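Both backbone and side-chain heavy atoms feed into the values below; hydrogens, waters and symmetry mates do not. Position 1 is the first residue of the sequence, and the numbers go up from there. Because the structure is a prediction, the values reported are computed rather than measured.
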Amino acid sequence: MKSALLVALGVLTATYLVVWVRSVQRAGGRGPAGEGPRPGARHLLIGFVTNFFDTLGIGSFATTTSIFRFLRLVPDELIPGTLNVGHTTPSVTQAFIYIGIVSVAMPTLAAMIAAAVAGAWLGAGVVCRWSRVRVQRGMGSALLAAAGLMLMTQLGLVPLGGTALALTGERLAIGIAVNFVLGALMTLGIGLYAPCMILVSLLGMDPKAAFPIMMGSCAFLMPVGSLRFIREESYSLRNALGLALGGIVGVLLAVSFFSTLDLHTVRWLVIVVVLYTAITMLLSATTEDASAPDVPRSKAEVRS
């Protein structure tokens, strides 16, 4: 069953890449916002750094959002799509590694992955048409929640979990339902890692089992969600390519540090940065809301 899961992931990822390449080709080699496809050094560095720490369990969405906003690289309304499209290939790389080396019951893993994918498909269809102000509100709130979850983990307020490698009955039903919601929230820009780690612990599973579950969920749901963002032209091409290309290198390098790197101080820094980004995004939404109506975007508005 593990082999079948990995083959399915390979087919899904190949489909995503083909659709993405053809979409760029149809646009004359340019992105939805008219930018060229070639990422610069800073785009590649962002992809490398965020996915290096993502592989170690910190997550990449909140940190990438903070960097994008600080450097003003991506308009707020295009951040969710850029995160999903760009971080897909590094997430797939992580999934192949962790599904292969960490033990977890395949029926549990497959069921929770399927739930996350379904949530992502529905969520992406909604988020890609949101207005700039609504994206700012949603992402600001999501980042506050992410910072809270990170803080709980850092302070040791999250249950240590048990030793189970499988879920059955009511616990499996709860895991499926919650992972569906987390998949939908991924398309808004809130990472799945921290809440999935908490979920697995609360359900009595071995915390190590969270790695193939959360990385497998992301690897399957992100190509699905990204296809909708690509179709709606709601992402930044140059920045997404930087995340993808730099990210794969970061993932491969981080694997060798998986059991030795002390991330305690890094997590505190990430919490502070994410809180700052959440507050500034919510303040931006408040300011822009006073001067512009909150109406859905069309493809033409994305290109302008």
If two hydrophobic side chains count as joined below 4.5 Å and joins carry through other members, does [X] share a cluster with [Y]?
{"X": "L17", "Y": "I230", "answer": "yes"}
{"X": "L172", "Y": "L165", "answer": "no"}
{"X": "V11", "Y": "Y16", "answer": "no"}
{"X": "V7", "Y": "L221", "answer": "no"}

Atom [atom1] in [X], atom [atom2] in [Y]: separation rounded to 0.5 Å?
{"X": "C218", "Y": "I213", "atom1": "SG", "atom2": "CD1", "result": "12.0 Å"}
{"X": "L182", "Y": "M214", "atom1": "CG", "atom2": "CE", "result": "12.0 Å"}
{"X": "T108", "Y": "M106", "atom1": "OG1", "atom2": "CE", "result": "9.0 Å"}
{"X": "T64", "Y": "I79", "atom1": "OG1", "atom2": "CD1", "result": "10.0 Å"}
{"X": "F229", "Y": "T82", "atom1": "CZ", "atom2": "OG1", "result": "9.0 Å"}

* Asked: Within the distance-only criterion (no hydrogens, no angle test), does the side chain of S234 pair as donor or acceptor with the backbone N or O of G81 below 3.5 angstrom?
  -> no
* Is a side-chain N or O of Y235 found less than 3.5 angstrom from the main chain of G31, in a donor-acceptor match? -> no
* Looking at T15, L241, L227, which hits side chain to side chain contact (heavy atoms under 4.5 Å, CB included) with W20? -> L241
* Structure fact -> Besides L245, the hydrophobic cluster formed by Ile, Leu, Val, Met, Phe, Trp and Tyr side chains linked at under 4.5 Å, directly or via other members, contains L44
